[in-house]
Every structure is written in structure tokens, then in C-alpha cells.
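As C-alpha cells, the structure follows; a few thoughts come after it.
Every heavy atom of this structure was used, including side-chain atoms; hydrogens, water molecules and symmetry mates were not. The chains referred to below are lettered A, B, ... by the order of the sequence lines, with proteins before strands, and numbering in each begins at 1.
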Amino acid sequence: MEPSAASLLAPLAPWFDAVRRPLPWRAGDLDAPHPDPYAVLVSELMLQQTQVATVIPYFERWMARFPDAQALAGASEEAVHALWAGLGYYRRARNLQAAARAVAEGGFPRDLAGLQALPGLGPYTAAAVAAQAFQLPAPALDGNAFRVTARLLGLREDPRRLAAELRAWLIPALEAHGPSRMTQALMELGATVCVPAARCGACPLAEACEARRLGLQAVIPPAQPKAKVTEVDLVLAAIRHGDAWLLRPPAARGLLAGLWSWPAAPIAAGDGPSPTPPMGWEATLLPGWTQVYTHRRERVRPLLVRAPELAAPQGFAWVPAERLGTLPMGRRDQRLRGLLEGPVGLLPPDGETWKALLGLLGLG
DNA sequence: AACTCGTGGAA
DNA sequence: TTTCCAAGAGT
């Protein structure tokens, strides 16, 4: 990392000032502290592993409902999850509220260590808030910044292992060209030009780029190892009795923690004995779909049934139909909820089928 | 230090 | 269709 970052990255500042988009959380004056650090905090939590275009509508709704840290601190967890529902990685929502409570209580930390002590803020997010909200020269290394710097310097190994060295190298560039401007410029370049399939013709750093000089854009940085994905077939059941639906209240941890869900049961796991669907119940199945998570693929078979009288089993609750639309749900369960708004018939199963279904879903 | 944790855009 | 991976953090 011999060339200085301040000189190597100098073309990035005028480039960013010319091309930057007016994102709703982005300050107009990149040389001043941000007028609303809370807005920066919200945007950065939402942007973790999530693209800008996906975040924008969630950010707008969030700021309208929770305009400051005090408003978020006083909200119910269900209200918080209702506004986050569909965005994914729901722990972020609980972390953001916990961070807002700390800020409402003791004010915003004004240093990197204090920011990183807030729940949900790791090395990247703490630096991103420090630079964009407070103009502190803290390099924020996200996937974009790692890719840009690795290519620019021609680093052949995984740049994430060089995080400490890259941060030290970048500090003078933030000091020279403005922490907020340089932080956003690095990420914007990685998101729009120095993308995995590099568009070097549009890059303001092309002349200085070592990866381009060597023709190694395609192999720098090296690909991340892919996660193992387990495949599951499951029944997702909308069970109605009178004017209420049988639902599973939010769990404290695990997949979709904090969200409501429909009763579900695996029907054809990859190995071991799989439960046999009861005779006759296929008549109430709707067309299925595949739900994809990071480490899991579900082939979802939605099922609609009208239930006889039934006390809510352990771990389930009957929810009045008029409350159904307000419950925070993940995409899979939102999708089944959406199917219920159409003209669907609820077929009352015969006694044997119902009994088998209860067993299958663990409701017996 | 691996694993877990959602969803969707884009090639 | 499949594949990659996105303004990562917590455990």
C-alpha cells in the first residue's frame, strides 16, 4: 500500500460530488456534521446486507412513524417489527430500538468506540455513522469498499483479512477529502461502477487501478465461500374457526424471531421418515412456491382449512380476523396472508382428515 | 472461527 | 434457472 490514499483517491471526491444521488438520509452539505445523526443510524442499520433501492421505502415509512430516537425508544416491539416486516434480518430492528433507547437516555456517542458499543453497530456501521454523522476520519469498510480498495491496490488475497491495514491506509484520504464524502464515494463507486463485473470505462480511478492494469478485475476480490443450504418441504396452514385464525406468536430467537407465523410442519425432509400427508387434504391445497432464506430453501405447500371447535394448543393463539393484517410477518407468511384476501374456499375436512392434520402440525 | 440470520436485484 | 451477493453483526 505504498501510494498514499489521499492522492490515489483524490479523483473520487469530484466524481462523487457530480454523480451522487439525493438519497433521503443523505446530507446536502457533505462538509458539515449531519443535521440528523438518528437518520444516519436508521439508514445504516437498514443498509446492512441490503441494497439502497430496497431500503428507501422502508426508511421513509420508518422516519414518518419514528422521527427521532425518543419516538423509537417509546415504541412497542410489535410496532417496530411491523414497520420492519419484509426487510429481513429482523434482529436489526430490535438492535436499532435498543440503540435508540441508549441514545435517548445518554445522547449520541461522539467517538468510534462509543458508537461500536451500541447494539447492532459493528466495525463497519460504527465507522459509517462516525464519518457521515460526525465527520470523524473513521474508514467504513463494507463489501463495496473492500472490493474497490482490493482492486485499486491489486490485492490478491481476501481484503477482509487486511481490514486493519486498509483502515490505517485510508485515514489520510478521509482527512484530505472529507470523511463523509470519501466514505460515501467509496461505497457509491463500488455499488455503481466497481461492481463485481467491473465497468472500468466509467471509473474515475481507472488510470491508477492495479487490478485493471493486470487484467485481474474478475478475480479480485476472490469469491466468498457459499453457504450450505438445507432443503425442506413444508405445509403452511391457515386454520380458521369462526372469525379467528390460528397463529404462532413471535419467538424470542431463531429464524423470523419477533414475527408471527402460520402453523407449519415439514412433510418431506431430506432424510429420515417423513410424515405422510393425510388422505383427502390435498383438495384444500393452493399452488405452492419456494421460499429462500440464507441457509434454507422451503418448498411451501399452503393449506386452508376451517377448524372445528379447538382450544389454542400450546404455543399458538387464536387471532381475530380484523387484527390479522396488522401482525408483523416475514415474506413467506405475508404471502399466505395475501392468498386469503382472494376468493378462496375454506373446505371443512372430515373428522379423520382433521385428526391427521392436527397430528401433522403438532397441534394435537 | 464457523454459523446463523431474510429478502431481492441483477446477470 | 441458477448464482452471486448486497452500505454486516452476534454468537
* Could you work out the separation of B:dA11 and C:dA7 based on their P atoms and round it to a whole Å? => 14 Å

* Structure fact -> Here the distance between atom C1' of C:dG8 and atom CG of A:Leu118, to the nearest Å, is 16 Å

* To do: Take the protein atom OH of A:Tyr124 and the nucleotide atom P of C:dG10, then report the distance between them rounded to whole Å.
  => 14 Å

* salt bridge (Lys or Arg N to Asp or Glu O under 4.0 Å): pairs with one or both residues in residues 126-153 of chain A, sequence neighbours excluded -> none

* Reckon A:Thr125 touches a base, only the sugar-phosphate, or nothing at all at heavy-atom distances under 4.0 Å? -> sugar-phosphate

* **Comparing A:Trp25 and A:Gly120 on DNA chain C - which has the more 5′ nearest nucleotide** => A:Trp25

* Asked: Just how far, in rounded Å, is P of C:dA9 from CG of A:Leu45?
  -> 9 Å

* Asked: CZ of A:Arg20 versus C1' of C:dA7: gap in Å, rounded?
  -> 16 Å

* **Side-chain N,O (A:Lys226) to OP1/OP2 (C:dT3) below 4.0 Å** => no

* Sugar-phosphate only, base, or nothing, as touched by A:Arg26 at under 4.0 Å among non-hydrogen atoms -> base

* When you check the side-chain N and O atoms of A:Arg331 and A:Gln334, is any donor under 3.5 Å from an acceptor? -> yes

* **Nucleotide C:dA7, atom P - distance to CZ of A:Phe59 in whole Å** => 17 Å

* Asked: Can you check whether A:His81 reaches A:Trp260 side chain to side chain, under 4.5 Å on heavy atoms?
  -> no

* Asked: Can we say A:Arg301 and A:Asp233 salt-bridge, meaning some charged N sits less than 4.0 Å from an Asp/Glu carboxylate O?
  -> no

* Asked: Can you check the A:Asp158 CG to C:dC5 P distance for me, whole Å?
  -> 12 Å

* Asked: Of A:Arg21 and A:Gln116, whose closest DNA chain C nucleotide lies nearer the 5' terminus?
  -> A:Arg21

* **Length of the CG-P vector between A:Leu41 and C:dA9, whole Å** => 12 Å

* Validation row: A:Pro37, A:Phe134 side chains within 4.5 angstrom (heavy atoms) -> yes

* Residues A:Gln48 and A:Arg92: side-chain donor-acceptor under 3.5 angstrom -> no

* Structure fact -> Rounded to whole Å, CG of A:Asp142 lies from P of C:dA9 at a distance of 10 Å

* Is any side-chain heavy atom of A:Arg20 closer than 4.5 Å to a side-chain heavy atom of A:Leu30? -> yes

* Taking atom P in both C:dT11 and B:dG6, compute the distance separating them and give it to the nearest angstrom. => 14 Å

* Asked: In the 5'-to-3' direction, what one-character label does each nucleotide of nucleotides 1-11 of chain B receive under the scheme B = base within less than 4.0 Å of a protein heavy atom, S = sugar-phosphate only, - = no such atom?
  -> ---BBBBBS--

